[in-house]
Student: 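Could you have a look at this structure, given as structure tokens, before my questions?
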Amino acid sequence: MDEQALLGLNPNADADFRQRALAYFEQLKISQDSWQVCAEALAQRIYSDDHIKFFCFQVIEHQIKFKYSELTEVQQQLIRETLVTWLQAQMLNPQPEKTFIRNKAAQVFALLFVTEYLTKWPKFFFDILSVVDLNPQGVDLYLRILMAVDAELVDRDVVHTSEEARRNTLLKDTMREQCIPSLVESWYQILQNYQYTNAELTCQCLEVVGAYVSWIDLSLIANERFINMLLGHMSVEVLREEACDCLFEIVNKGMDPTDKTKLVESLCQVLQSAGLFSIDQEDDVDFLARFSKLVNGMGQALITSWTKLVKSGDMKSAQDTLQAIEAKVALMLQLLIHEDDDISSNIIGFCYDYLHILKQLSVLSEQQKANVEAIMLAVMKKLTYDEEYNFEHEGEDEAMFVEYRKQLKLLLDRLAQVSPELLLASVRRVFNTTLQNWQATRFMEIEVAIRLLYMLAEALPVSHGAHFSGDISKASALQDMMRTLVTSGVSAYQHTSVTLEFFETVVRYEKFFAVEPQHIPNVLMTFLDHRGLRHTSPKVRSRTAYLFSRFVKSLNKQMNPFIEDVLNRIQDLLELSPPENGYQALLSSDDQLFIYETAGVLIVNSEYSAERKQVLMRNLLSPLMEKFKVLLEKLMMAQDEDRQMALADCLNHAVGFASRTSKAFSNKQTVKQCGCSEVYLDCLQTFLPALSCPLQKEVIRSGVRTFLHRMIICLEEEVLPFIPSASEHMLKDCEAKDLQEFIPLINQITAKFKTQVSPFLQQMFMPLLHAIFEVLLRPAEENDQSAALEKQMLRRSYFAFLQTVTGSGMSEVIANQDAENVERVLFTIIQGAVDYPDPISQKTCFIILSKLVELWGGKDGPVGFADFVYKHIVPACFLAPLKQTFDLADAQTVLALSECAVTLKTIHLKRGPECIHYLQQEYLPSLQVAPEIIQEFCQALQQPDAKVFKNYLKVFFQRAKP
């Protein structure tokens, strides 16, 4: 072997050596017989370096995986012998190999097993067992091989082909017949032999039993001698976690419901008599987490049995099973309430399913009612944050608690389905007790009390948040709690979690303020002062900005008396943060968007006159316009790139804020009705000159483009005078991305204003197309994926533009261009339909062609178009689907074919018998289509039902393609 190259296998080797080692590995993989050198190196134990041994196994693994069928009988025999020889050598090794080598060896054995067991090596396991016997190093490898075989056959995470899945089923069936009983016997011997002397091997063996139990005959394991041994392991500290997992797999195995109940009950009796149900005596949380998972498995297994028995009508057995379930509830509650969240989390499934049973029972016993209440109290207790939770820097532990809280929320929702009255009463009790004395209460208790009120909104569902009408007792309970929340003063509590929960809850129950509007002023002040938008925590300020906009929007009818006061109070929050270093604004620009939107909503939905609205809107937007002009001048003069970027971002924010205010307008309250057109036209005049700024084009154009999109909706035809110059600027020195984002703007104008913009479109049609073609024809590196994708997206945008123009009844925009340009455009559509393997573009091109045939394909169409139909459109309808890249199994491609069928139908509709004659006599014969198929095709085309032809066309091309 190349000793120099092997040096590169060492993780500490330098880059050159590592590169050489990789190249050597690739060379050995390709070479016909160099794997034999690796086989020899392993069998003869030539190398002591671990990385070289691992490397040799990798080469052999590649050989088995990809080239095994090419090997001769003798070579295959050599691989088998090499592995067995290596295994025999391990029995004599004074020190076992490193774990990573043993795992790799096990994978190679498992690969060979999958390849040879059914044909050449039926005695695979017996041969391995005869080598390893009870030698500890051998047993370790034997167990690793078993786990690797299980991973090959049943690992759910590995995606198998249908062929591999069939092979794996056959392998498992053959194993069950030929060797599983012997393997189970070997496991029993290993457990018996090593349970007190080698914990590591015993645990490995228990893991194997747990893995295999899901697909072998359960009676081989679920019998007295095995179960007794496993139960014995439950009281051995080093074995019990693995024994727990093994018992869990046994309990999890699908079986007859009555037998399952018996199995679980017998297990429970023994576990209980061994003292394992005394949770409070146990302080090993890792074991308890596994034990909780086991109890959860037993509980869910019993519930599955109960469901099956009820379904089958065996009410006697179902009743016995229900009693068995009830008997586990006390243990379940102990685990649910445990202070360790992992232990609690593992039992939630059983708890959830138990509540589902109670939901189905018509009457609950006193004990069952007590159980529901106990679960409820446990959930409320466990929802509480602990002292260690870090609110400022939330890490992995905090993320896990957030996930755990989501699980508890599901339990709370399920409790609400079982007993809504009880849940409401319990939450009310906790809420009132906590808020009565909030000043002297710890933050986590207050947070959870408000959180529970918040959670009731989803747990007790109503339509459109109408919690304060309908059911009187529920409405008054929620109303009382909301009144307490907003009048207690708890919003002043000095902890971010309480503050955030307060605002979330106020917004969640915004309908409360329609019933008791007298609380609105106080809540508005809470939003606006140091408790909300001016809080010391940026996290609270940011979330409050969003919640404040929701609050104002939902209560717009009640906001009228407070509008001017609120606008004055948020004045400083609307300031555009200057791009100077060190300036720390209260809100980020993203948060300010919500404040601008809120200001817009307050003005637009007010009961003021149009004149007053205009004044207020001008007061809101004028500072932005002034700042914009100043910043644009600064940008034009800025030399430093960082400074340019900061100024461009600031300009972009100004445009973004103005855009956001326009979201307040609606069909009922248009810009015109509110008298605000003039203000927004002024904004347009202020922002559009920025398009000619040569610096930071991408950022600035993007903002102005978004503003134009909004103005097309809000100002309607008043925006039209601005469009030509804006378009001209945006088409200067364009990149693919600029064009891609500009075209939707033109599409929006075309679709909205149609013939009103026809002169403008005719004028800018060719400049736009020239810009597109120029970008598409730019040379790019052959393997530059992002450039290829950008061009594909631009091509799609181009065809979408042509589709909008033709679909908006404005084909004259194309027709009025020079004949040469018209022809060029038509050929690009044919090219898009046939030459580019992009079904989305192809579909669009066929839609355009159908539309053009419909508009121009009749007797009075443009001169020469009928010719174009027969020479180019008809051939496109056949050449595109006949391409190898046109995949009829792909959904998008089928849609393209469907539009292709529509195109042919439209041609027939417009040209009549002449079209049939052309297909029969000229075009289809030129494709060597058999006469009877031509006949069949023309008949299908003449069917009045378009769907018949679409279906036929798919079959036609499926037959035509090799």
Side-chain angles (χ1 to χ4, degrees), residues 1-13 17-18 20-29 31-65 67-68 71-113 115-116 120-121 123-149 198 200-201 204:
M1 289 171 87
D2 180 344
E3 303 291 333
Q4 285 292 306
L6 294 176
L7 291 173
L9 296 170
N10 190 314
N12 302 321
F17 274 116
R18 283 211 299 274
R20 187 164 165 185
L22 275 174
Y24 184 48
F25 181 46
E26 292 306 316
Q27 181 191 328
L28 287 180
K29 286 197 308 196
S31 159
Q32 278 300 304
D33 46 12
S34 50
W35 63 270
Q36 296 182 18
V37 182
C38 295
E40 188 186 348
L42 285 173
Q44 306 293 326
R45 293 194 285 168
I46 293 170
Y47 294 99
S48 59
D49 185 303
D50 293 330
H51 297 288
I52 298 177
K53 294 178 200 171
F54 187 81
F55 176 78
C56 290
F57 273 120
Q58 276 186 304
V59 174
I60 293 175
E61 177 183 39
H62 184 268
Q63 208 60 28
I64 299 170
K65 225 176 192 171
K67 297 197 165 177
Y68 205 66
L71 300 182
T72 64
E73 285 278 347
V74 175
Q75 288 173 318
Q76 291 178 352
Q77 181 64 27
L78 174 64
I79 289 186
R80 284 197 289 279
E81 285 169 2
T82 300
L83 291 179
V84 173
T85 307
W86 179 84
L87 188 60
Q88 285 165 336
Q90 301 314 301
M91 305 302 106
L92 309 168
N93 255 4
Q95 284 297 314
E97 295 283 9
K98 294 266 176 28
T99 307
F100 73 94
I101 294 176
R102 284 180 276 161
N103 284 341
K104 178 51 75 181
Q107 284 172 359
V108 175
F109 269 101
L111 265 179
L112 199 56
F113 164 80
T115 314
E116 295 221 315
K120 309 233 174 65
W121 201 357
K123 294 209 170 325
F124 177 86
F125 288 111
F126 297 107
D127 289 351
I128 289 173
L129 278 168
S130 68
V131 172
V132 303
D133 193 25
L134 281 171
N135 174 306
Q137 280 172 222
V139 168
D140 170 88
L141 281 161
Y142 166 60
L143 295 171
R144 285 176 198 276
I145 292 167
L146 283 166
M147 286 307 287
V149 166
N198 191 327
E200 199 178 324
L201 281 183
Q204 259 178 281

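Predicted, not measured: the structure shown is a model, and the values here were computed from it. The figures here come from the full heavy-atom set of this structure, side chains too, leaving out hydrogens, waters and symmetry mates.
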Student: If you define the side chain from C-beta out and look only at heavy atoms, does anything of Leu112 sit under 4.5 Å from Tyr68?
Tutor: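 Side-chain contact under 4.5 Å: yes.
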Student: Quick one: which of Gln75, Glu73, Arg80 gives a side-chain hydrogen bond (donor to acceptor under 3.5 Å, both in side chains) with Gln77?
Tutor: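 With Gln77 as partner, Gln75, Glu73, Arg80 yield a single side-chain hydrogen bond (donor to acceptor under 3.5 Å, both in side chains), made by Arg80.
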Student: Which residues pass the salt bridge (Lys or Arg N to Asp or Glu O under 4.0 Å) test with Asp133, sequence neighbours left out?
Tutor: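 Applying salt bridge (Lys or Arg N to Asp or Glu O under 4.0 Å) to Asp133 gives none.
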Student: Taking all non-hydrogen atoms of both residues into account, name the closest pair between Leu42 and Cys56 and its distance.
Tutor: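 In this case the closest contact between Leu42 and Cys56 is CG-CB, 3.8 Å.
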Student: With distance as the sole criterion, is a donor-acceptor pair present between the side chains of Gln90 and Asn93 under 3.5 Å?
Tutor: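 Distance-only check passes for Gln90 and Asn93.
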Student: Angle between ring planes, Phe124 versus Phe109, binned at 30° and 60°: parallel, tilted or perpendicular?
Tutor: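 Correct class here is perpendicular.
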Student: What's the shortest heavy-atom distance between Thr82 and Ala39, and which atoms?
Tutor: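 So the minimum-distance heavy-atom pair works out to CG2-O, 3.3 Å.
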Student: Quick one, Val149 with Ile145, criterion side chain to side chain contact (heavy atoms under 4.5 Å, CB included). Give me CA distance, side-chain angles, the key distance, then yes/no.
Tutor: CA-CA 6 Å; Val149 166; Ile145 292 167; 4.3 Å; yes
Student: Under a 3.5 Å cutoff, is there a donor and acceptor pairing between the side chains of Lys120 and Gln76?
Tutor: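 A pair is found: one side chain offers a donor N or O, the other an acceptor, under 3.5 Å apart.
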Student: Report the distance from atom CD1 of Ile128 to atom CZ of Phe113, rounding to the nearest 0.5 Å.
Tutor: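 If we round to the nearest 0.5 Å, Ile128:CD1 and Phe113:CZ are 9.0 Å apart.
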Student: Side-chain donor-acceptor pair under 3.5 Å between Gln36 and Glu40, yes or no?
Tutor: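 Their side chains do not contain a donor-acceptor pair, so the 3.5 Å distance test is not met.
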Student: Quick check: closest heavy atoms across Phe57 and Val108, and the distance to 0.1 Å?
Tutor: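 Answer, listing the atom of Phe57 first, then Val108: O-CG2, 3.8 Å.
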Student: Identify the heavy atoms of Met91 and Gly138 that sit nearest to each other, and give their distance.
Tutor: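 For Met91 and Gly138, the tightest heavy-atom pair comes out as CE-CA, 3.2 Å.
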Student: Who are the salt bridge (Lys or Arg N to Asp or Glu O under 4.0 Å) partners of Lys123, not counting sequence neighbours?
Tutor: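 By the salt bridge (Lys or Arg N to Asp or Glu O under 4.0 Å) rule, Lys123 matches no residue at all.
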Student: Could you check whether any side-chain N or O of Arg144 sits under 3.5 Å from a backbone N or O of Ala106, counting only pairs where one atom can act as donor and the other as acceptor?
Tutor: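 Checked: no pair found.
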Student: Quick one: closest heavy-atom pair of Leu141 and Leu87, and the distance?
Tutor: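 Closest pair (atom of Leu141, atom of Leu87, distance): CD1-CD1, 3.8 Å.
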Student: Is it true that, when you exclude Glu200 itself, more than 12 heavy atoms of the residues, nucleotides or ligands shown sit nearer than 6.0 Å to its CD?
Tutor: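 At most 12 heavy atoms, drawn from other residues, nucleotides or ligands, come within 6.0 Å of this atom.
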Student: Using 0.5 Å steps for rounding, measure from the CZ atom of Phe125 to the CG atom of Leu146.
Tutor: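 So the gap between those two atoms works out to 5.5 Å.
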Student: Of all the heavy-atom pairs spanning Pro136 and Asn198, show the shortest one and how long it is.
Tutor: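 For Pro136 versus Asn198, the nearest heavy atoms are CB-ND2, 4.4 Å.
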Student: Show, in sequence, the C-alpha distance, side-chain angles and deciding distance for Tyr142 and Val131, and conclude whether the side chain to side chain contact (heavy atoms under 4.5 Å, CB included) test is met.
Tutor: CA-CA 10 Å; Tyr142 166 60; Val131 172; over 6 Å; no
Student: Quick one: CH2 on Trp86 to CD on Glu97, what's the gap to the nearest 0.5 Å?
Tutor: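 Trp86 atom CH2 to Glu97 atom CD measures 6.0 Å (nearest 0.5 Å).
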Student: Measuring from atom NZ of Lys104 to atom CZ of Phe100, what distance do you get when rounded to the nearest 0.5 angstrom?
Tutor: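 Rounded to the nearest 0.5 Å, the NZ-CZ separation comes to 11.0 Å.
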Student: Counting only heavy atoms from other residues, nucleotides and ligands, does the tally under 6.0 Å from NZ of Lys98 exceed 12?
Tutor: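 No, not enclosed.
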Student: How far does CD of Gln107 sit from CD1 of Ile64, to the nearest 0.5 angstrom?
Tutor: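 Spacing of CD (Gln107) from CD1 (Ile64) equals 11.5 Å.
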Student: Drop me the distance from Ile79's CD1 to Gln63's CD, to the nearest 0.5 angstrom.
Tutor: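 Going from the CD1 atom of Ile79 to the CD atom of Gln63 covers 6.0 Å.
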